[in-house]
Amino acid sequence: MSESDNQQTKYNPQLLETKWQGFWDKEQIFRATPSPDKEKYYVLVMFPYPSGRIHMGHVRNYAIGDVVARYQRLQNKNVLNPIGWDAFGMPAENAAIQKKSHPAKWTYDNIDAMRSELKTMGLSYDWKREFATCDPDYAHWEQDLFLKLYDKNLVYRKKALVNWDPVDNTVLANEQVIDGKGWRSGAAVVRKELSQWFFKITDYADELLTGLEKLEGWPETVKTMQTNWIGKSHGVEFEFKITGHKEAFAKEPTAEDTTMGVYTTRPDTIMGVTFCSVAAEHPLAKLTAQHNSEAQAFIQSCQSTGTSEEALEKLEKKGFDTGLKAIHPFTGEKIPVFIANFVLMSYGTGAVMAVPAHDQRDFEFAKTYNIPIKVVIQNDGEALDSQTMTEAYTGPGKLINSAEFNDLDNENAKKIIAEAFDKKGIGKATINYRLRDWGISRQRYWGNPIPMINCEKCGVVPVPVEQLPVTLPDDVELTGAQNPLVIHPTWKLCNCPKCGGAAHRETDTMDTFMESSWYFLRYCSPDEQNAPLNTKEVNHWMPVDQYVGGIEHAVLHLLYARFFHKALRDIGEVDCDEPFINLLTQGMVRKDTINCPTHGWLYPNEADEIDGKFKCVKCGEVATVGRNEKMSKSKNNVIDPNDLIAGYGADTARLFMLFAAPPDQDLEWNESGVDGAWRFLNRLWRLLVDIQERYNGAKPATTTPKNSALKELRGKVHETIERVTRDMERKQYNTGISAVMEMINAGGKLLAAGEVTKDQEAGGVLMELAHVAVVLLNPYTPHITEELWQMLGHEEHLGLAKWPKVDPEALVKDEITVVVQINGKLRSRLTVPANISKEDLEKAAMGDEKIVANLANVTVRKVIVIPGRLVNIVAN
RNA sequence: GCGGGUGUGGUGGAAUUGGUAGACACGCCAGACUUAGGAUCUGGUGGCGUAAGCUGUGGAAGUUCGAGUCUUCUCACCCGCACCA
């Protein structure tokens with residue numbers, strides 16, 4: 001063989017990956033158009049925020065999505081596999097402030113950079129459908145949808161308590177508040193009441209909950225998280241009459257001051273109520289504050305309390321006696337009303353009936369303020385003493401000290417007492433949700449403007465649809481101190497569409513979760529110019545058959561998107577009830593962190609490994625290995641995907657990602673694992689080149705030869721088809737790959753043995769193996785398989801091939817190995833004909849010399865024969 | 001506190017769902033070969049033992065002819081939510 005031939009037959013990923021990416025691009029191989037002949041399949045990966053560079057999390061996410069897409073294509077489905085950019089958001093503004101440029105320029109530059117990075121991965125996207133959510137077009141139709149939902153009464157404005165950062169002058173989302181401080185400014189966040197726009201997600205609370213039951217293709221964990229987040233509870237809502245205004249404030253009450261609504265899930269404990277508590281923001285608390293400066297001070301101290309976990313855990317139960325009295329609806333007893341720092345205004349009515357004997361918080365509170373504790377539930381034969389008990393009893397039991405309700409089982413009592421409330425006309429059974437309406441107002445520049453106008457005369461007026469889109473002004477100076485839309489000299493000035501008078505625009509922009517709530521719909525008809533969606537095309541492609549993304553979006557994005565989809569269904573934009581049929585949440589990519597005492601967190605290439613210990617390359621000191629954590633810039637434990645792809649090629653990068661762990665599990669980064677993937681692809685390459693050279697022109701076998709080695713190998717090939725297909729369906733890609741590895745190893749072994757190489761039948765079986773290997777591996781490693789397919793003599797590209805079918809005849813075995821156990825312990829193995837009868841198998845086992853020896857001094861009690869598997873002899 | 005999950009060799013991970021524990025890969029050991037390559041090939045590799053064998057899936061008990069798999073208890077770690085009345 002000449003020098004140049006040798007060069008050609010060497011696996012060169014850089015060369016052939018460029019070649020095939022160019023081919024796919026030029027021939028528009030992955031362009032998706034609706035087709036009546038083929039079943040549609042919509043695969044979707046969560047679109048990236050254009051931060052500037054792709055990271056390993058992206059590589060994993062998109063590699064998984066691409067396996068699904070390519071596998072479904074080989075199954076002859078019409079696959080839609082789109083990609084785009086989640087392009088609004090705060091990082092663009094922060095970068096713009098730092099670099100004194102414009103968020104749009106920063107964002108589009110990043111998109112260009114990341115697009116070319118993604119293209120080196122060889123992903124089978126329909127790039128013609130690509131868009132960025134900050135494109136005027138997308139923003140336009142989002143505003144249009146906002147107004148349509150406003151017309152449907154699903155959008156409203158109200159005053160709400162928000163996390164306010166007093167330094168940055170903006171509202172912060174809950175997740176942007178870290179330990180009670182603004183994530184950027186570090187200033188203590190205060191709670192402030194502001195006018196905010198809301199989506200009525202609570203209208204859909206019940207459907208969002210019940211809909212989860214039908215989502216069989218979703219991980220249980222995600223469904224549980226959403227269930228908890230929605231937080232449905234059954235209880236009773238009723239009113240206390242309030243008195244004592246004269247005694248407390250020397251003032252007559254107004255009508256609304258004389259009642260107080262409460263919500264309880266424990267109506268069975270009604271007779272144990274010994275006080276009430278209200279939130280600091282409750283009207284009765286405000287009323288008290290008007291007359292009492294101490295109450296005012298107490299309320300203020302409640303509002304400055306941090307919202308972090310830690311702060312809450314340490315927080316003492318504190319209260320302030322309003323002096324007002326609530327009248328117990330059943331006993332008529334007058335009980336005190338406290339303002340309490342642990343009562344939430346945002347849940348239920350902001351006021352609670354307190355039962356210290358049966359609620360731990362109330363118990364602690366009662367102990368602090370010397371309030372009586374009244375036991376009303378206890379187990380039979382177990383007496384609870386309010387004087388000596390050290391914690392609330394929250395378990396089940398029978399009612400005591402409860403007048404007419406005594407001796408009722410407490411679960412039963414919940415119903416009976418709820419009915420009693422209803423009969424008295426003072427309360428009713430209610431369902432409550434933890435879920436709150438979705439506040440979408442953000443005091444930020446780089447977001448989609450809320451298309452509303454405030455007119456002094458007419459109030460809130462929607463921007464007329466023909467005036468859409470409301471676009472962001474370009475001439476702004478970003479300082480981070482204030483929303484540039486507010487301080488812009490002219491942008492917010494406009495005329496009221498109703499009265500024509502001077503008015504001003506809403507200066508808040510939408511939460512960026514808005515964009516991700518309908519991008520999967522827009523992908524179906526990205527070029528539609530006259531409406532947000534082309535419903536015919538949307539209904540062709542929707543719902544998404546397989547969604548792939550990070551578990552971190554389990555609640556927020558996936559709940560918002562489900563809600564928004566249902567809202568759009570109700571205004572006729574789409575037919576299906578749920579947007580995502582199957583959900584795969586991939587695990588994180590993790591790596592050890594390395595810390596140098598003087599230089600802090602080190603990048604992997606800043607530490608030399610010597611005998612398992614690390615030394616800092618800058619100072620030579622011994623660096624310590626920290627926790628194995630999610631790859632993150634802050635810990636420097638990152639590997640740049642570009643380096644990996646440039647060095648080994650995209651196929652190796654993809655193969656490693658998919659082989660190292662099942663998709664839903666965390667994946668530990670390990671350099672030698674990459675080498676393993678690389679070596680396998682080289683082995684594959686060499687084997688197939690070898691087969692092609694030896695058997696050039698041979699047709700892949702369609703029947704099984706008699707030769708036992710070839711028969712066995714062909715059995716292996718078809719067993720591999722079976723295994724890989726099953727693993728594709730259950731999305732366990734690591735085991736699917738290992739099955740192909742086994743097949744390649746078996747093929748290599750047979751060739752190396754040399755016995756059958758000249759055999760014509762051998763050519764058929766090995767050629768079949770080569771073809772099967774290429775097709776089975778194509779979803780994982782598309783470039784090398786395309787090249788090998790061509791080398792095997794195909795003129796049509798691999799995308800037009802079909803997923804191989806199992807030949808049942810090939811799986812039939814002449815002989816099988818059966819295990820013989822004595823008392824469950826492995827004692828011998830037998831090679832027997834595959835079709836052996838139960839009786840003959842038992843006979844063979846009992847006659848085996850190892851078994852005979854083992855049974856010498858014992859009596860056989862029972863023999864269990866499982867055909868095809870084992871014989872277990874029970875003896876003693 | 002509530003909810004969910006995971007515990008298997010030196011490492012990542014398999015195990016057709018109750019039937020040979022450790023597939024495949026990394027690493028390691030021994031050897032071969034060479035165009036010294038990111039090599040490649042062959043053999044070995046859970047632990048103890050020279051061996052026959054014993055033992056082994058976080059721990060304890062149970063069901064079963066048979067348990068990594070089912071049941072109960074328990075320990076450890078991870079994730080989510082968290083004063084939700």
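All chains are named by letter (A, B, ...) in the order of the sequence lines, taking the proteins before the strands, and each is independently numbered beginning at 1. What you see below is based on every heavy atom in this structure, not just the backbone, and it leaves out hydrogens, waters and symmetry mates.
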Practice problem: Output every pair passing side chain to side chain donor-acceptor pair (under 3.5 Å) with a member in residues 270-282 of chain A, not counting sequence neighbours, ordered by first then second residue. | Solution: none
Self-check item: Sequence neighbours excluded - side chain to side chain donor-acceptor pair (under 3.5 Å) pairs with any residue from residues 816-832 of chain A
Solution: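 Pairs touching residues 816-832 of chain A that pass the test: Ser828(A)-Asp848(A).
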Quiz item: Do Glu237(A) and Lys428(A) meet the salt-bridge criterion of a basic N to acidic O distance under 4.0 Å?
Solution: no
Practice problem: Go through the structure and list residues passing ring-ring contact (aromatic ring centres under 6.0 Å, His included) with Tyr733(A), not counting sequence neighbours. | Solution: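 So Tyr733(A) forms no ring-ring contact (aromatic ring centres under 6.0 Å, His included) with any residue.
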Below 3.5 Å is the cut-off: list the nitrogen or oxygen pairs between protein and nucleotides 36-38 of chain B, distance only.
unit_1	atom_1	unit_2	atom_2	d
G38(B)	O6	Gly647(A)	O	2.6
G38(B)	N2	Tyr648(A)	OH	2.3

Exercise. Using side-chain contact (heavy atoms from CB on, under 4.5 Å) as the criterion, list what pairs up with Arg679(A), not counting sequence neighbours.
Key: Asp675(A)
Self-check item: Residues in side-chain contact (heavy atoms from CB on, under 4.5 Å) contact with Ala773(A), at least two apart in sequence or another chain
Solution: Leu684(A), Met743(A), Ile744(A)
Quiz item: List RNA chain B stems (3 or more consecutive Watson-Crick/G-U pairs, under 3.5 Å)?
Solution: B:1-7 with B:75-81, B:10-12 with B:24-26, B:27-32 with B:40-45, B:46-48 with B:53-55, B:58-62 with B:70-74
Quiz prompt | Listed partners of Arg361(A) passing salt bridge (charged side-chain N to carboxylate O under 4.0 Å, His left out), at least two apart | solution = Asp359(A)
Quiz prompt | Lys223(A): salt bridge (charged side-chain N to carboxylate O under 4.0 Å, His left out) partners, not counting sequence neighbours | solution =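 Once residues adjacent in sequence are excluded, the partners of Lys223(A) under the salt bridge (charged side-chain N to carboxylate O under 4.0 Å, His left out) criterion are Glu220(A).
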Quiz item: Has Tyr263(A) got a side-chain N or O lying under 4.0 Å from the OP1 or OP2 atom of A85(B)?
Solution: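 No, Tyr263(A) has no side-chain N/O under 4.0 Å of OP1/OP2 on A85(B).
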Just the atom pairs and distances: protein N or O near nucleotides 9-11 of chain B's N or O, under 3.5 Å.
none

Can you pull every protein N or O that's under 3.5 Å from an N or O on nucleotides 19-23 of chain B?
unit_1	atom_1	unit_2	atom_2	d
U20(B)	O2	Arg829(A)	NE	3.0
U20(B)	O2	Arg829(A)	NH2	2.6
A23(B)	O2'	Glu742(A)	OE2	2.7

Quiz item: The side chain of Val874(A) lies closest to which of these nucleotides: C65(B), C84(B), A25(B)?
Solution: C65(B)
Quiz prompt | Pairwise C1' distance for G27(B) and C81(B), with rounding to whole Å | solution =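 Taking atom C1' in both G27(B) and C81(B), they lie 41 Å apart.
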Quiz item: Looking at Phe659(A) versus Tyr780(A), is the centre-to-centre ring distance below 6.0 Å?
Solution: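 So the answer is no for these two rings.
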Where do N or O atoms of nucleotides 41-51 of chain B meet protein N or O atoms at under 3.5 Å, pair by pair?
none

